[in-house]
Engineer: 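Below: one structure in structure tokens.
Residues: numbered from 1 along the sequence shown. Every heavy atom of this structure was used, including side-chain atoms; hydrogens, water molecules and symmetry mates were not.
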Amino acid sequence: MAQTPIELYYWPTPNGHKITIMCEEAGIPYAIKPVNIGKGDQFKPEFLAIAPNNRMPAIVDFDGPDGKPISMFESGAILQYLGRKCGKFYPAQERARLEVEQWLYWQMANLGPNCGQAHHFRNYAQEKIPYAIDRYTNEVNRLYGVMDARLKDRPYLAGDYSIADMASYPWIVPHERQGQKLEDFPNLKRWFEAVRARPAVVQAYEKAKEINPNPPGIRTAEERAILFGQTAASIRAATR
């Protein structure tokens, strides 16, 4: 591993935590560049140049595959890139790698989006819509059940600890805000406690407190408008 720190554009959210966990676990040097999503940093032209979807995390690696700098966005793609780069938590053997990829993509396509919607309608939406709350709370419950069944006969999602676990863990941390009880999922609870106790995970969450010591939540109307009121026009305006 090269010693030039990667630049990690980050804010303490589940998707952001994935990358700090990976860097801490693998011993990857990194320097955090805070992207305060409540203030609209994600719409600044310099950030959009490396993250065109105006979402963090993103990285700049000054020691890219050809020895030249490379930028990456999308947390799953970043995890795969860093796993290949450092040769850790993302196996080279094809069968084992496919196990990891299935569960990484499951998180990206299922666990993350549905937990995000449950968070929104349960905690952030100004209008409480029973159908939406039930729809996403129930789907998250189903997904927890999928994880619980998967973990019945293996310690981690792909057998050995991997980037698939790093991707899923941060979305389970706020389980109470998703309307879930870990006691209902004993295998998931055992996995959750094992990941939570890992020193690198502890350190990653300590870094989060340094960047933003405030508890999660939306505190102003301006924050709400920035986080939930953007359209294509916002991107056009930021990239002019």
Side-chain angles (χ1 to χ4, degrees), residues 4-25 28-62 69-79 81-82 107-108 111-113 115-126 166-174 176-178 200-240:
T4 304
I6 68 168
E7 290 184 345
L8 170 57
Y9 292 79
Y10 164 90
W11 197 246
T13 73
N15 285 330
H17 295 318
K18 297 175 188 178
I19 311 305
T20 52
I21 290 173
M22 177 57 172
C23 289
E24 293 290 340
E25 290 280 14
I28 299 170
Y30 68 106
I32 290 177
K33 303 293 183 180
V35 180
N36 189 329
I37 60 176
K39 293 184 177 180
D41 289 352
Q42 67 272 37
F43 296 103
K44 292 181 176 179
E46 58 269 29
F47 180 69
L48 289 172
I50 62 172
N53 193 40
N54 61 272
R55 295 287 188 271
M56 64 89 230
I59 65 168
V60 175
D61 181 4
F62 296 96
I70 187 171
S71 63
M72 294 281 299
F73 71 103
E74 285 296 324
S75 59
I78 295 169
L79 287 173
Y81 172 73
L82 294 177
Q107 184 282 309
M108 299 293 295
L111 185 66
C115 287
Q117 294 288 3
H119 282 157
H120 180 82
F121 287 108
R122 291 179 63 88
N123 302 292
Y124 298 144
Q126 292 180 301
M166 299 177 201
S168 289
Y169 171 79
W171 286 103
I172 305 299
V173 171
E176 292 179 350
R177 290 167 64 82
Q178 301 162 12
V201 175
V202 173
Q203 182 62 23
Y205 276 80
E206 288 299 314
K207 289 279 182 70
K209 294 176 185 177
E210 295 174 11
I211 299 300
N212 182 22
N214 297 316
I218 298 172
R219 280 161 284 279
T220 68
E222 180 184 11
E223 286 182 334
R224 181 177 296 279
I226 289 171
L227 291 169
F228 303 138
Q230 302 298 327
T231 65
S234 308
I235 304 301
R236 296 190 189 104
T239 54
R240 283 175 183 167

Engineer: When you measure from the side chain of D41 to the backbone of V35, do you find a donor-acceptor pair of N or O atoms at a distance under 3.5 Å?
Structural biologist: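 No.
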Engineer: Is the closest side-chain heavy-atom distance between P14 and V173 below 4.5 Å?
Structural biologist: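 A side-chain contact under 4.5 Å is absent here.
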Engineer: Between Y169 and I21, does the side chain to side chain contact (heavy atoms under 4.5 Å, CB included) criterion hold? Intermediate values first, please.
Structural biologist: CA-CA 10 Å; Y169 171 79; I21 290 173; 4.2 Å; yes
Engineer: Go through it in stages, so that I can follow the logic: the residues are D61 and L82, the test is side chain to side chain contact (heavy atoms under 4.5 Å, CB included), and I'd like the CA-CA distance, side-chain angles, deciding distance and then a yes or no.
Structural biologist: CA-CA 10 Å; D61 181 4; L82 294 177; 5.6 Å; no
Engineer: Assess the residue pair S71 and E7 against the criterion (side chain to side chain contact (heavy atoms under 4.5 Å, CB included)); give the C-alpha distance rounded to whole Å, side-chain angles, the decisive distance to 0.1 Å, and a yes or no.
Structural biologist: CA-CA 9 Å; S71 63; E7 290 184 345; over 6 Å; no
Engineer: Looking at I78 and P57, what are the two nearest heavy atoms and their distance?
Structural biologist: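 Closest pair (atom of I78, atom of P57, distance): CD1-O, 3.8 Å.
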Engineer: If you define the side chain from C-beta out and look only at heavy atoms, does anything of Y205 sit under 4.5 Å from P170?
Structural biologist: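 Yes; the side chains approach each other to less than 4.5 Å.
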Engineer: Do M56 and T13 come within less than 4.5 Å of each other through their side chains, counting heavy atoms only?
Structural biologist: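 With C-beta onward as the side chain, the pair touches.
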Engineer: Can you check ring pair (Phe, Tyr, Trp, His ring centres under 6.0 Å) on H119 and Y124, steps first, answer last?
Structural biologist: CA-CA 7 Å; H119 282 157; Y124 298 144; 7.2 Å; no
Engineer: Just one of L8, I50, I28 clears the side chain to side chain contact (heavy atoms under 4.5 Å, CB included) bar with I59, so which one?
Structural biologist: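 Checked L8, I50, I28 against I59; only one passes side chain to side chain contact (heavy atoms under 4.5 Å, CB included): L8.
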Engineer: If you look at every heavy atom in I19 and S75, which pair is closest and at what distance?
Structural biologist: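 Looking at all heavy atoms of both residues, the closest pair is CD1-O, 3.8 Å.
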Engineer: Taking the side chain as everything from C-beta on, heavy atoms only, tell me whether N212 gets closer than 4.5 Å to N36.
Structural biologist: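 The answer is no, as the side chains (C-beta and beyond) never meet within the 4.5 Å cut-off.
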Engineer: Report yes if some heavy atom in the side chain of W11 is under 4.5 Å from a heavy atom in the side chain of P34; otherwise report no.
Structural biologist: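 W11 reaches P34 side chain to side chain.
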Engineer: If you define the side chain from C-beta out and look only at heavy atoms, does anything of E25 sit under 4.5 Å from V201?
Structural biologist: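 A side-chain contact exists here, since the closest heavy-atom pair is under 4.5 Å.
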Engineer: Using a cut-off of 6.0 Å, state whether more than 12 heavy atoms not belonging to E176 lie near its atom CD.
Structural biologist: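 No - once you tally the heavy atoms of other residues, nucleotides and ligands closer than 6.0 Å, there are 12 at most.
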Engineer: Kindly give the heavy-atom pair with the smallest separation between P12 and A208, and that separation in Å.
Structural biologist: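 Where P12 meets A208 most closely, the heavy atoms are CG-O, 3.6 Å.
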Engineer: State, yes or no, whether a side-chain contact exists between E74 and N53 at a heavy-atom distance under 4.5 Å.
Structural biologist: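 They are in side-chain contact.
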Engineer: Between the side chains of K207 and T20, does any donor sit under 3.5 Å from an acceptor?
Structural biologist: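 Side-chain D/A pair, K207 to T20: absent.
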Engineer: For the pair Q42 (side chain) and N54 (backbone), establish whether a donor and an acceptor sit closer than 3.5 Å, ignoring hydrogens and angles.
Structural biologist: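 Not at all, since once roles are kept as given, no pair shorter than 3.5 Å links the two residues.
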Engineer: Is any side-chain heavy atom of R55 closer than 4.5 Å to one of N15?
Structural biologist: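 In short, these two side chains do not touch, never coming nearer than 4.5 Å.
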Engineer: Might you point out which heavy atoms bring Q107 and K18 nearest each other, and give the distance in Å?
Structural biologist: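 Distance-wise, the nearest heavy atoms are OE1-NZ, 2.8 Å.
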Engineer: Testing the basics here: between Y10 and A204, what is the closest heavy-atom pair and its distance to 0.1 Å?
Structural biologist: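 Between these two residues, the closest heavy atoms are OH-O, 4.5 Å.
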Engineer: What distance do R177 atom CZ and C115 atom SG have between them, rounded to the nearest 0.5 Å?
Structural biologist: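 Taking CZ in R177 and SG in C115, the distance rounds to 12.0 Å.
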Engineer: Parallel, tilted or perpendicular, judged at 30° and 60°: which one describes the rings of Y9 and F47?
Structural biologist: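 Answer is tilted, since the angle falls between 30° and 60°.
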Engineer: State the CD-CD distance between E206 and E24, to the nearest 0.5 angstrom.
Structural biologist: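 Here the rounded value is 10.5 Å.
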Engineer: Which heavy atom in W171 sits nearest to a heavy atom in P174, and how many Å separate them?
Structural biologist: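 Answer, listing the atom of W171 first, then P174: O-CD, 3.6 Å.
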